[in-house]
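Counting starts at 1 for both ligands and their atoms, in listed order.
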Amino acid sequence: MNKNDIAKVKELLSTPKSIVIVPHKNPDGDAMGSTLALHRYLVKKGHSATVIAPNEYPHFLKWMPGQEEVLVYNAFAKAAKEKIQDAQLIFTLDFNLLSRTGEMEPALTEASADFVMIDHHQAPGDYALVTYSDTTMSSTCEMVYHFLDMLDAKTDIDIDMATCMYTGIMTDTGSFRFPSTTQTTHTVIASLIEKGANNAQIHRAIYDTNSHSKLQLLGVALKNLEILPEYKTAYITLTQKELDDHKFQKGDTEGFVNYGLSLEGIVFAVIFIENRADRIIKMSLRSKGDFSVNEFARAHYEGGGHTNAAGGRSLLSMKKTVAQFIDTLATYKTVLNS
Ligand code: 5GP
Ligand code: MN
């Protein structure tokens with residue numbers, strides 16, 4: 001964000017406004033953390049603000065401060081549409097194309113509000129009046145911290161905002177181990193702890209609330225793990241039946257893909273998860289080093305994300321999806337082995 005953008009945002013926020021704050025579809029810790037932290041700040045400053053999530057978010061985020069006020073679009077579409085229509089300002093956080101909001105996209109496209117984007121994914125769209133896009137950032141939560149700093153609002157950060165931002169930075173950095181974790185990230189984290197974020201409690205709330213059936217589903221996923229040594233690739237499949245047999249809840253498969261990447265010598269890992277209702281196979285892709293799963297997902301699976309973490313989808317059956325995936329890998333053999 002340049003000086004001009006900062007001045008523009010300050011001007012936009014100088015009088016009380018009706019504001020909507022939007023995370024991406026299937027919101028994760030970073031999407032919820034960033035929207036909730038910003039929401040709390042805007043309400044403190046006298047704005048009327050609402051977080052509208054395109055769809056439900058996982059159980060393991062349902063303790064976050066302020067989450068009980070989130071409006072879920074696909075459950076309360078009428079009320080959400082009215083809020084979007086009436087909004088003077090819309091913040092979009094942790095995504096950069098309106099299509100990432102799924103069914104909510106038409107309502108956002110038709111909105112008359114000015115948009116402000118805060119995001120760290122590659123290839124941002126041009127829908128916003130102010131675009132704060134930085135692909136080197138660990139997380140959108142870290143960006144919200146810098147955003148507040150640029151607005152001279154660091155003193156407004158309270159324990160709840162600090163807790164939300166800490167959560168998103170922790171989840172998007174794989175607990176501070178991905179290469180996107182910088183010295184600045186740790187400085188921000190130190191400041192959030194100073195503001196009251198309880199690191200041990202947050203870690204427990206996110207990672208130590210597994211159900212028995214979820215751990216058994218992890219067992220199935222690990223049994224299904226296949227290795228393709230010639231491509232330094234590992235993949236996991238989970239069918240709808242396997243999910244149903246283990247009382248699948250949203251968020252239960254979060255992180256499963258990382259087990260593939262934990263294998264020695266593996267640089268590319270994928271999980272294929274069948275979603276019968278949407279008639280798709282949802283894919284999560286992860287890599288180590290230079291192999292860009294963002295480009296791979298964009299080229300073959302209508303997806304995208306970051307260099308080392310991306311998502312996508314296939315419209316074929318599970319069997320055909322996997323067969324086609326292995327075929328596709330052949331063209332990447334050199335890159336994967338370099
Ligand atoms: P996950 O595999 O955890 O769903 O997503 C990994 C990363 O890729 C996240 O940063 C997420 O926002 C992004 N991502 C997931 N699915 C898609 C998609 O369909 N399109 C784009 N552009 N990004 C995605
Ligand atoms: Mn993120």
Q. Just by distance, with hydrogens left out, do Glu103 and Asn74 show a side-chain donor and acceptor under 3.5 Å apart?
A. no

Q. Yes or no on ring-ring contact (aromatic ring centres under 6.0 Å, His included) for His306 and Phe178, after CA distance, side-chain angles and deciding distance?
A. CA-CA 12 Å; His306 311 281; Phe178 297 155; 9.7 Å; no

Q) What is the closest protein heavy atom to atom 9 (C) of ligand 1, and at what distance does it sit? A) His121 NE2, 3.9 Å

Q. Strictly under 6.0 Å, is that where the ring centroids of Phe296 and Phe268 end up?
A. yes

Q. Looking at Tyr57, does the NZ or CZ of Lys62 lie under 6.0 angstrom from its six-membered ring centre and within 45 degrees of the ring axis?
A. yes

Q. For atom 4 (O) of ligand 1, what's the nearest protein heavy atom and its distance?
A. Lys282 NZ, 3.6 Å

Q: Return yes if some donor-acceptor pair links the side-chain N/O of Asn275 with the main-chain N/O of Ile280 below 3.5 Å, else return no.
A: no

Q | ligand 1 versus Gln122: contacting region, heavy-atom distance under 4.0 Å | A | neither

Q) Should the pair Lys10-Asp152 be classified as a salt bridge under the 4.0 Å nitrogen-to-oxygen rule? A) yes

Q) Closest non-hydrogen protein atom to atom 2 (O) of ligand 1, residue and atom name please, with distance? A) Ser284 OG, 2.6 Å

Q) Can any side-chain N or O of Asn308 pair as donor or acceptor with the backbone N or O of Val293 at less than 3.5 Å? A) no

Q.
Please give me the protein atoms (N, O or S only) lying under 2.8 Å from the Mn ion (ligand 2), ordered by chain and number.
A. Asp30 OD2, Asp94 OD1, His120 NE2, Asp172 OD2

Q: Please check if the side chain of Asp119 supplies one atom and the backbone of Ser133 the other of a donor-acceptor pair under 3.5 Å.
A: no

Q: Name the closest protein heavy atom to atom 19 (O) of ligand 1, giving the residue it belongs to and the distance to 0.1 Å.
A: Gly303 CA, 3.7 Å

Q) In the protein, which heavy atom is nearest to atom 7 (C) of ligand 1, and how far is it? A) Ala309 O, 3.6 Å

**Q.** Nearest-contact summary for atom 16 (N) of ligand 1 - protein heavy atom, Å
**A.** Gly311 CA, 3.3 Å

Q | Proximity of Arg286 to ligand 1 by residue part, where a heavy atom lies under 4.0 Å | A | side chain

Q | Closest to atom 17 (C) of ligand 1 among Lys25, Arg298, Arg100 (heavy-atom distance) | A | Arg100

Q.
Please list the nearest protein heavy atom to atom 24 (C) of ligand 1 with its residue and the distance rounded to 0.1 Å.
A. Gly304 O, 3.1 Å

